[in-house]
Amino acid sequence: MKQNIKNMTLAAMFLALGLVLPMLTGQIPQIGNMLLPMHIPVFLCGLICGWQWGGVVGFIVPLLRSAIFGVPIFFPTATAMAFELMTYGLVVGLLYSISKWQCIRALYRCLIIAMLAGRAVWGIVQAFQLGLSGSGLTWKIFMTEAFVNAIPGILVQLILIPTIMVALNRTGMVHFHREHPTAVSVEHDT
C-alpha cells in the first residue's frame with residue numbers, strides 16, 4: 001500500500017512536470033518541437049513508478065495540456081502524442097523492470113527501444129488520423145517529424161534521463177540492480 005501511494009504521488013508530480021516543462025520553450029514552438037520537454041517526465045515516470053503509471057501519465061499529459069492550455073492542438077497533434085507518450089512510458093517501464101541488470105547500459109537500451117516504439121506508434125496513429133481527415137502522412141514527412149526534427153530532443157533525453165537516474169541511484173531513491181530483483185540466487189556450499 002505504501003509503495004502504491006508513493007507511485008501515485010510521484011506519477012502526479014511527473015504529470016505536473018509534463019504540463020509545466022513545455023512552458024520553458026513555449027515562446028518558441030520550434031524549439032519545443034525539437035527539445036520534446038513533455039517526453040522527459042513520461043520516461044522518468046515509466047522508469048521510476050513502473051510501466052502502468054508511465055503509460056497512464058504518458059496518455060494523459062498531452063490531452064490534459066491541450067484541454068488546459070490549448071497546446072498542443074487536440075487533433076491530430078495531442079491525440080497522436082497521447083498514444084506516442086503512452087508507448088514511451090509503457091515500453092521503457094516494462095523493459096527496464098524485466099531487465100536482468102538495472103544499470104546504465106540497460107537504461108540506454110530500454111530508452112532507445114521505447115523511443116523507436118513510440119515514434120512508430122505516433123506514425124501509425126498520425127497516418128490513421130490524417131487518412132481520415134483527407135491529408136496523408138508520407139514516409140518523408142514521418143521520417144522528418146519523428147526523427148530528423150527530434151534529434152536535439154532525443155540527444156537531450158539520452159543525456160538527461162540517465163544523469164537523473166544516476167543521481168537518484170546515488171541518493172537511494174532508485175536502485176540499480178545487478179540481477180532482476182525478484183530473481184532467486186542459488187548459492188552452493190562447498
Side-chain angles (χ1 to χ4, degrees), residues 14-15 17-47 51 54-96 99 104-165:
F14 289 124
L15 179 66
L17 282 171
L19 295 173
V20 173
L21 277 179
M23 291 179 183
L24 299 175
T25 60
Q27 303 303 322
I28 308 169
Q30 293 82 3
I31 293 177
N33 291 339
M34 287 176 19
L35 295 181
L36 312 169
M38 201 182 310
H39 298 195
I40 295 167
V42 172
F43 280 119
L44 288 171
C45 186
L47 289 165
W51 62 271
V56 169
V57 168
F59 190 77
I60 293 172
V61 164
L63 299 175
L64 188 57
R65 193 161 197 322
S66 179
I68 294 172
F69 303 112
V71 180
I73 296 168
F74 186 77
F75 181 85
T77 309
T79 51
M81 285 181 70
F83 288 98
E84 174 190 15
L85 271 64
M86 176 185 70
T87 303
Y88 291 154
L90 286 171
V91 172
V92 79
L94 181 62
L95 291 178
Y96 194 66
S99 292
I104 294 296
R105 183 178 293 161
L107 182 60
Y108 274 110
R109 186 177 331 114
C110 296
L111 278 171
I112 291 168
I113 292 169
M115 287 177 184
L116 293 171
R119 280 165 174 72
V121 166
W122 174 85
I124 292 166
V125 172
Q126 279 291 73
F128 178 75
Q129 291 182 143
L130 295 176
L132 291 178
S133 66
S135 53
L137 179 69
T138 66
W139 183 253
K140 183 178 180 181
I141 293 171
F142 168 71
M143 292 303 289
T144 302
E145 291 291 321
F147 296 102
V148 176
N149 292 348
I151 288 174
I154 292 168
L155 293 175
V156 166
Q157 292 166 10
L158 290 174
I159 293 168
L160 190 60
I161 293 169
T163 302
I164 291 170
M165 291 295 287

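We count residues from 1, following the sequence as given.
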### Value rounded to 0.5 Å, distance of CD1 in I124 from OG1 in T87
9.0 Å
### Query
Between atom CG of L160 and atom CG of L35, what is the distance when rounded to the nearest 0.5 Å?
11.0 Å
Enumerate, atom names and distances included, each donor-acceptor pair closer than 3.5 Å involving a side-chain atom of residues 36-47, sequence neighbours excluded.
none

### Query
Residues two or more places apart in sequence or in another chain: which of them pass side-chain contact (heavy atoms from CB on, under 4.5 Å) with A106?
Y96, S99, C103, R109
### Query
Counting heavy atoms not belonging to I73, are there more than 12 under 6.0 Å from its CD1?
no
## Note on the structure
Between P76 and L130 the two heavy atoms that sit nearest each other are CG-CD2, 4.0 Å
Counting only pairs under 3.5 Å, give me each side-chain donor-acceptor contact of residues 112-120, with atom names and distances, residues two or more places apart or in other chains.
from : atom 1 : to   : atom 2 : distance (Å)
R119 : NE     : A146 : O      : 2.6
R119 : NH1    : Y88  : OH     : 2.5

### Query
Is there side-chain contact between L64 and I60, with at least one heavy-atom pair below 4.5 Å?
yes
### Summary
The reported gap from CD1 in I104 to CG in L111 (rounded to nearest 0.5 angstrom) is 9.5 Å
### Message
C110 and side chain to side chain contact (heavy atoms under 4.5 Å, CB included): which single residue from V92, L94, V91 fits?
### Response
V92
### Task
Dump the intermediate steps for side chain to side chain contact (heavy atoms under 4.5 Å, CB included) on L63 and F74, then the final yes or no.
CA-CA 7 Å; L63 299 175; F74 186 77; 3.6 Å; yes
### Task
Among residues two or more places apart or on two chains, list those pairs meeting side chain to side chain donor-acceptor pair (under 3.5 Å) that have a residue in residues 62-81.
T79-Q129
### Query
With a 4.5 Å heavy-atom cut-off, do F59 and L85 have their side chains touching?
no
## Note on the structure
Output for pair (I164 CD1, Q157 CD), nearest 0.5 Å, gives 11.0 Å
### Query
Just how far is it from atom CE of M23 to atom CG of L21, taken to the nearest 0.5 Å?
10.0 Å
### Message
Would you compute the distance between atom CZ of F83 and atom CH2 of W122 and round it to the nearest 0.5 angstrom?
### Response
14.5 Å
## Note on the structure
In terms of heavy-atom contacts, M86 and G55 come closest through CG-O, 3.5 Å
